[in-house]
There are 2 protein chains.
Amino acid sequence: MKKKITLKQIARELDVSISTVSKALRDSVEISEDTRQKVQAFAKLYNYRPNNIALSLKNRKTKTIGVIIPEIVHHFFSKVIRGIELVANKRGYNVIIGLSNESFDKEVINLQMLANGSIDGFILSIAKETLQQQDYHHFKETINQGMPIVMFDRIVNDIHCDKVIIDDVKGSKKAVSKLLSNGCKNVAIITTKDYVSVGKLRTQGYLEALEDYRITPDTDLILKVDDELVSEDHLESLEKEIEGLFHTNKNIDGVFAVNELYAIIAMKVARNLGMKIPDEIQFIGFTDGVLSKHATPSLTTVNQHGQDMGEKAAGLLIDNLEREAEEEQYTTIVIETELVERNSTK
Amino acid sequence: MKKKITLKQIARELDVSISTVSKALRDSVEISEDTRQKVQAFAKLYNYRPNNIALSLKNRKTKTIGVIIPEIVHHFFSKVIRGIELVANKRGYNVIIGLSNESFDKEVINLQMLANGSIDGFILSIAKETLQQQDYHHFKETINQGMPIVMFDRIVNDIHCDKVIIDDVKGSKKAVSKLLSNGCKNVAIITTKDYVSVGKLRTQGYLEALEDYRITPDTDLILKVDDELVSEDHLESLEKEIEGLFHTNKNIDGVFAVNELYAIIAMKVARNLGMKIPDEIQFIGFTDGVLSKHATPSLTTVNQHGQDMGEKAAGLLIDNLEREAEEEQYTTIVIETELVERNSTK
DNA sequence: TGTCAACACGAAAACGTTTTCGCTAAAAAT
DNA sequence: ATTTTTAGCGAAAACGTTTTCGTGTTGACA
């Protein structure tokens, strides 16, 4: 086992100084053709590679970006990561990930662990618990220390940083309008409690679409699911809730759900109740994932372009990192959503 | 914007030496109660945190583990990552990820990028292209340089390192036996080309199960799918192939697929052909993911316990990193698979 | 008064780089 | 023959830590 070789060792071996070795390897004109070749040959032989940590320390940048997401076993988030990784690597950066597991504490810890020099900047999406507690001091502090942050998807407005979001209102409006223009008269929405920013916005889009069609919203048709229900195996209670929705509102002929899973489960409940999809009832879900594509019937969805979001976020961050001037000009990129029509709608 | 503060700055500000500050912060007995309090108060005020990079350089370890996986938008791999992240964080390590995208070159590049001091050890699953080319010199070199590697799932036997695998043969044998004991007489398998190690092993398990039941394997019932087919939207041709399988073998009453997607698609084709699941034909897929759980009918699967694999892998690696002695004793952990029975089998 | 611990602190090395500056010797210019 | 230039190389600082090894000052004790 030959340990990694260092400049010092090469220098000693070749009986020159460390500086000479360093310069020779970087093809400096200061070094004679002779020694340059000698050093380079030796370095290649021993497979020399400069130590990244030493470089990071010297240059005071790590060429690494930290990503903190609430959950990784999740189609959307893993797509975002893929996007981030893609452009990060292309531009010579590594990606280090932290999972908050939707917990405030873990988010704070992750932020602190990485902010101590390990990375050059953050890309993150806020944990639910954090959104609920509305405590954002850790983000502010991090930014204050000169560490740039790019937020995506789950953001909060009063934090000053770059952001990549989709137009949730517009996206869900598009979806609900589709249902309405397809002839649905009684469209229900399955959404989350309001503290989840995207849930709230998507509910708003639902309401706006109804307004466009001059339909008075019926609160009975708005099902706000408590998120605890979805954690692991409480899915049955979610089913029960949706069943209740269908029972008390026999006339529902369209359902818009703020995520894929809610939509799939709703479809399942409807099917079990003997409703024909899409003839008697139509479904659209937010977020396009594997489930939608391979469900039966396949689910019409609002595609968030997760990978694109990741790419854009990484682009913003790296641009910021490599910008000379210190203009504190923050951008918010809005990614267009796209309605992916499948067989759950007419 | 107050930049991160260093020991040197604290020292200058308090008019003591750097060493004093360092010791004071670490509660050294060398330092008087007075100065200790003074320094600690100042440090807290300015929110001092030791620079990780400097520590890494000094200690010659980064407390970071590198993970290289072929793909992240993938239920199994993201579960593994979650497991890795879980125990890594618990034991004070960070996780940095690289995606090979199933490409040999990207795998090599990732390995090299991270091996230069950025991390203390690797956890990885081999890219398909690498398996195909059977070129493993980059792994060997990395290990040779003293960088430990733990391989999981897609491994190769003649590399000397820790491994975490499942017993693919046993797992698929279990699945196929289930089909046979459920009364299936003609069980088909949908598998991959042989260079994918797990595909090969799962095929072997299939054959062994048949043998146990004294059934002569029928090559017509073995469909080896070329992986190119599955990349993105070539799914239709996969459907066609499966359709062909059913057409030329009208008597198929059981299907075992080496992954979730193949199984789901096969079910879809069968349903379109008017077969009743599970009455006329039963299905089992390898790898338990979201699709299986929420498909209709829900799919019986062989659960690989991805998160568990990740946890075990991280445990192995960190144990190795923190072990004093240099005993080159490599372990292979075999994770038990579990048959998750759902509605696609009787 | 002189010796010795105990106490409190600082200097410096080390981790592995890159880079600035200086130095020496030879070559060129005067 | 003397000065200037230039080529080729090395010393040292810097990045931010931790830690070992001094070193000076005190107080106690003989």
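A:His74 places none of its side-chain heavy atoms less than 4.5 Å from the side chain of A:Ile69. Using a 4.5 Å cut-off on side-chain heavy atoms (C-beta onward), A:Arg82 and B:Glu71 make contact. When side chains are defined from C-beta on, B:Ile119 counts as touching B:Met147, because their heavy atoms get closer than 4.5 Å. Put simply, the side chain of A:Pro148 reaches to within 4.5 Å of the side chain of A:Leu317, judged on heavy atoms.
Summary of the strand contacts: A:Leu57 and B:Lys23 both lie near DNA chain C, and taking for each the nucleotide with the nearest heavy atom, the more 5' one is attributed to B:Lys23. Where B:Glu33 and B:Lys58 meet DNA chain C, the nucleotide closest to each residue was compared, and B:Glu33 sits on the side nearer the 5' end.
Using a 4.0 Å heavy-atom distance criterion, B:Ser56 is classed as making no nucleic acid contact. Counting non-hydrogen atoms under 4.0 angstrom, B:Leu55 reaches the backbone sugars and phosphates but no base. When heavy atoms are screened at a 4.0 angstrom cut-off, B:Arg49 is found touching the sugar-phosphate backbone but no base atom. The residue A:Ser32 sits close only to the backbone: its heavy atoms come under 4.0 Å of sugar-phosphate atoms, none of a base.
Without hydrogens or angle criteria, B:Asn110 side chain to B:Leu99 main chain gives a donor-acceptor distance under 3.5 Å. Using a distance-only test at 3.5 Å, with no hydrogens or angles considered, no donor-acceptor pair links the side chain of A:Asp120 to the main chain of A:Ile65.
The CD-C1' distance, from B:Glu30 to D:dG22, rounds to 11 Å in whole Å.
A donor-acceptor contact under 3.5 Å links the side chain of A:Ser19 to the base of D:dA11.
Protein chain A touches strand DNA chain C; the 5'-most and 3'-most nucleotides with an atom under 4.0 angstrom of its non-hydrogen atoms are C:dC15 to C:dC21.
Each of B:Leu25, B:Thr20, B:Ile31 was scored for a side chain to side chain contact (heavy atoms under 4.5 Å, CB included) with B:Arg36, with one residue passing: B:Ile31.
Of the N and O atoms on the side chains of A:Asp153 and A:Ser125, not one donor lies less than 3.5 Å from an acceptor on the other residue. In summary, the side chains of A:Glu141 and A:Gln145 do not present any donor paired with an acceptor at a separation below 3.5 Å, with no hydrogens or angles considered.
When the local axes at the two ends of the helix from C:dT1-D:dA30 to C:dT30-D:dA1 are compared, using 5 base pairs at each end, they differ in direction by 80° after rounding to 10°.
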